[in-house]
Amino acid sequence: SSYGPAPGATSSVTRGCLCAMSGKRLPLPVLQQWPSATLVFRPVQANEVEACAALEAASYPEDEAASPEKLEMRQRDAGGFFWAAFDESPKAAGQNELVGFVCGTRASGQALSEESMDQHVPDGGLLCVHSVVVREDLRRRGIALAMLREYVRCVAVEFGSAKLPPVSCALIAKADKVVLYHKAGFRLVGLSPVVHGADPWFELRIDDLARDATAEPMLQCDAFTTSPCAGNSAAVVFSQRGGDASWMQRVALENNLSETAFVERLHAEGENGSSGSNRFSLRWFTPTCEVDLCGHATLGAAHALWATGRAEVQQPIEFKTASGVLICKSQKGGLIEMDFPADAPAMAGQAGAEALPGIGDLAQALGIDQAGVLAVGRGRFDVLCEVTPAAFDALVPDQSLLARIECRGVVATALGNDKRAQAAAGSDAVDFRSRFFGPRAGIAEDPVTGSAHCMLAPYWAARLGRSGEEASVVGFQASARGGVVRCKILGDKGSERVVLSGAAVTTLEGTLYCG
């Protein structure tokens with residue numbers, strides 16, 4: 001359920017080490033509770049080792065902290081594996097304030113031992129991580145996890161084209177840090193034979209750096225339904241790789257669903273007063289193009305963020321999109337409310353309806369008699385065709401004829417419901433049914449098209465004489481999978497909004513490996 005290709009959408013530079021390779025300086029992914037947009041991750045320079053040594057000494061017991069001389073050696077001999085996060089916000093007064101760092105060296109073989117950690121072998125197959133340090137006043141904000149994930153990605157990309165890149169990565173950690181490293185993609189091996197201070201240490205490792213560097217968590221869900229294998233499926237990927245449109249397009253093609261949503265956290269206070277922890281950039285891709293708006297994938301994105309704990313369920317989610325700021329709220333009964341701009345259609349004979357297809361052409365494309373067509377209109381991207389209930393039940397769409405109509409999709413709709421629609425809606429009375437055909441967008445029939453209801457809702461509210469502060473209608477999209485969309489029309493004419501409500505269920509959760 002999506003609006004057409006985003007105007008002017010172009011590919012951007014990939015987040016992570018792809019942009020680090022030209023200048024070696026990149027923004028870290030935005031972190032929950034992090035107040036600024038200027039946290040950057042880059043290799044440490046020689047004149048910055050002293051600050052790193054001070055942070056190391058303040059963070060580890062004396063018998064565990066690396067000496068300034070040892071850190072100088074690591075920066076000098078293995079500078080490509082010594083990265084740090086700096087706050088470059090205005091409050092830092094251009095001083096590139098050190099926030100934290102990660103450093104490592106390469107070793108021969110694959111065994112992690114005191115000897116392998118004590119020297120740097122330039123072409124060694126094992127990357128030994130020595131320190132992961134964050135300033136004490138900035139801990140528990142996700143900085144260490146973000147640095148580790150970027151570090152793994154940067155190392156794999158930066159050295160992936162080398163003759164002998166590191167194959168794996170290993171480190172030792174105390175028991176209270178094992179969960180952190182597991183979240184960053186490291187596998188727990190067990191107790192380490194390395195003696196480093198008084199406490200026992202555990203070994204963790206990434207066995208295949210090149211593979212894990214491409215890893216992104218994702219979730220797949222069914223929207224506008226409470227039952228799996230119904231409604232409309234959407235994939236939600238929790239990254240935009242810093243805005244890399246070409247990567248997102250490849251992932252959407254790989255998922256091969258009608259829509260894949262890509263979310264990435266924003267920060268600072270939002271336009272509607274939402275906190276930084278619940279503000280996200282949201283982009284939608286079909287297998288062939290980026291689109292301006294998608295209802296079911298927005299619903300899926302909100303569901304995914306709340307279901308995985310990436311957003312606070314008690315607070316609205318604010319999505320910054322190509323169609324403006326969209327707000328999603330969690331409601332009782334598992335419903336999610338989405339606030340979208342209304343798209344009242346221009347009907348035949350009205351201004352803006354000059355490019356409507358002929359009734360005869362529409363009837364032929366839908367496989368019904370011309371007498372079954374009651375009204376024709378056009379919204380922002382779609383053509384609306386109201387038909388009689390009998391004609392709706394007799395639809396036999398001709399995809400080749402529908403593809404000749406210049407629009408994103410043709411929406412056939414009819415007054416009333418049937419047993420299937422009412423069973424899906426439960427106690428809510430269904431006001432209208434619809435089907436969406438979009439061969440020009442590569443979709444023969446969309447299961448449930450949330451964005452099309454931005455057009456259907458104001459049409460049916462006017463058709464049924466419902467007005468006022470909260471005019472409500474309920475629609476059932478009668479595809480093979482089917483789905484219920486509850487709609488409220490808010491605001492004055494000319495500045496109307498449509499609030500769409502629906503449920504979603506998770507059907508798949510895991511890790512994506514896609515470049």
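Environment of CD in Q110: crowded, with over 12 heavy atoms of neighbouring residues, nucleotides or ligands closer than 6.0 Å. Crowding of K183 atom NZ: a count of heavy atoms from other residues, nucleotides or ligands under 6.0 Å not exceeding 12.
Annotation for I336 and A302: closest pair CG2-CB, 4.2 Å, computed over non-hydrogen atoms. For the pair T105 and A78, the tightest heavy-atom approach, listed with the atom from each and the gap, is CG2-CB, 4.1 Å. The shortest non-hydrogen separation linking M338 to L299 is SD-N, 3.3 Å. Here the closest non-hydrogen pair linking M117 and V129 is CE-O, 4.4 Å. The two residues G295 and F224 make their nearest non-hydrogen contact at C-CE1, 4.3 Å. The nearest pair of heavy atoms linking L55 to V99 is CD2-O, 4.1 Å.
Taking CZ from R106 and OG from S116, the interatomic distance works out to 13.5 Å, rounded to the nearest 0.5 Å. Taken from CZ in R205 to CG in L127, the straight-line distance is 11.0 Å, to the nearest 0.5 Å. With values rounded to the nearest 0.5 angstrom, E56 atom CD is found 9.5 Å from E64 atom CD. For the atom pair N232 CG and R481 CZ, the distance stands at 7.0 Å (nearest 0.5 Å). Rounded to the nearest 0.5 Å, atoms SG (C454) and CG (L293) are 6.0 Å apart. For the atom pair CD (Q119) and CE (M73), the distance works out to 8.5 Å, reported to the nearest 0.5 Å.
Contact of the Y513 side chain with the R211 side chain is registered, since non-hydrogen atoms from C-beta on lie closer than 4.5 Å. Looking at heavy atoms from C-beta onward, Y151 lies out of side-chain contact with V132 at the 4.5 angstrom threshold. Using a 4.5 Å heavy-atom cutoff, the side chains of L188 and F202 are in contact. Side-chain atoms of E216 and W247, non-hydrogen and from C-beta on, do get closer than 4.5 Å to each other. Under the 4.5 Å side-chain criterion, counting only non-hydrogen atoms from C-beta, C103 is not in contact with F81. Looking only at side-chain heavy atoms (C-beta outward), V189 and L204 stay at 4.5 Å or farther from each other. With a 4.5 Å cut-off on side-chain heavy atoms, E318 and L326 do not count as touching. Contact of the L98 side chain with the C52 side chain is registered, since non-hydrogen atoms from C-beta on lie closer than 4.5 Å.
Checked by atom type and distance alone, the side chain of W201 never pairs as donor or acceptor with a backbone atom of L191 at under 3.5 Å. Between the side chain of Q315 and the main chain of E312, no donor-acceptor pair closer than 3.5 Å is present. Looking at N278, its side chain does come within 3.5 Å of a backbone N or O of P316 through a donor-acceptor pair. Judged purely by atom type and a 3.5 angstrom limit, S227 has no side-chain atom pairing as donor or acceptor with the backbone of A230. Within the 3.5 Å criterion, the main-chain N or O of D222 finds no donor-acceptor partner in the side chain of T225. In this structure, Q75 contributes its side chain and P43 its backbone to no donor-acceptor pair below 3.5 Å. A donor-acceptor contact shorter than 3.5 Å links the side chain of R265 to the backbone of R310. Checking side-chain atoms of S281 against main-chain N and O of E264 turns up no donor-acceptor pair under 3.5 Å. Between the side chain of E290 and the backbone N or O of A245, no donor-acceptor pair lies under 3.5 Å. Using modelled atom types, no side-chain atom of W284 and backbone atom of L282 make a donor-acceptor pair closer than 3.5 Å.
A salt bridge is absent between E69 and R74: the closest approach of a Lys/Arg side-chain nitrogen to an acidic carboxylate oxygen does not fall below 4.0 angstrom. The pair E337-K329 does not meet the salt-bridge criterion, since no charged nitrogen lies less than 4.0 angstrom from a carboxylate oxygen.
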Check the pair E496 / K488 against salt bridge (charged side-chain N to carboxylate O under 4.0 Å, His left out), numbers first and verdict last.
CA-CA 10 Å; E496 292 174 319; K488 289 190 295 186; over 6 Å; no
Taking it one step at a time, do F86 and E97 satisfy side chain to side chain contact (heavy atoms under 4.5 Å, CB included)?
CA-CA 5 Å; F86 295 89; E97 186 176 0; over 6 Å; no
Under the salt bridge (charged side-chain N to carboxylate O under 4.0 Å, His left out) rule, what do R380 and D343 come out as? Steps first, then yes or no, please.
CA-CA 6 Å; R380 185 181 175 191; D343 183 30; over 6 Å; no
Does I317 form a side chain to side chain contact (heavy atoms under 4.5 Å, CB included) with W306? I'd like the steps, not just the answer.
CA-CA 9 Å; I317 292 176; W306 282 320; 3.6 Å; yes
For the pair V263 and V237, evaluate side chain to side chain contact (heavy atoms under 4.5 Å, CB included) and give the outcome as yes or no after the intermediate values.
CA-CA 6 Å; V263 294; V237 179; over 6 Å; no
Between D212 and R153, is a salt bridge (charged side-chain N to carboxylate O under 4.0 Å, His left out) present by the stated rule, with each step listed?
CA-CA 8 Å; D212 278 59; R153 193 187 309 281; over 6 Å; no
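No cation-pi contact links R497 to F340, judged by a cut-off of 6.0 Å to the six-membered ring centre and 45° from its axis.
At a cut-off of 3.5 Å, with distance as the only test, a side-chain donor of T260 or N255 sits close to an acceptor on the other residue. For the residue pair T449 and Q477, a side-chain donor N or O sits within less than 3.5 Å of a side-chain acceptor on the partner.
Between F319 and F280, the ring-plane angle classifies as tilted under the 30° and 60° cut-offs. Between Y181 and F186, the ring planes lie perpendicular to each other; the angle is over 60°, past the 30° to 60° tilted range.
In summary, of the residues considered (R139, E136, R135), a side chain to side chain donor-acceptor pair (under 3.5 Å) with S59 occurs for R139 alone.
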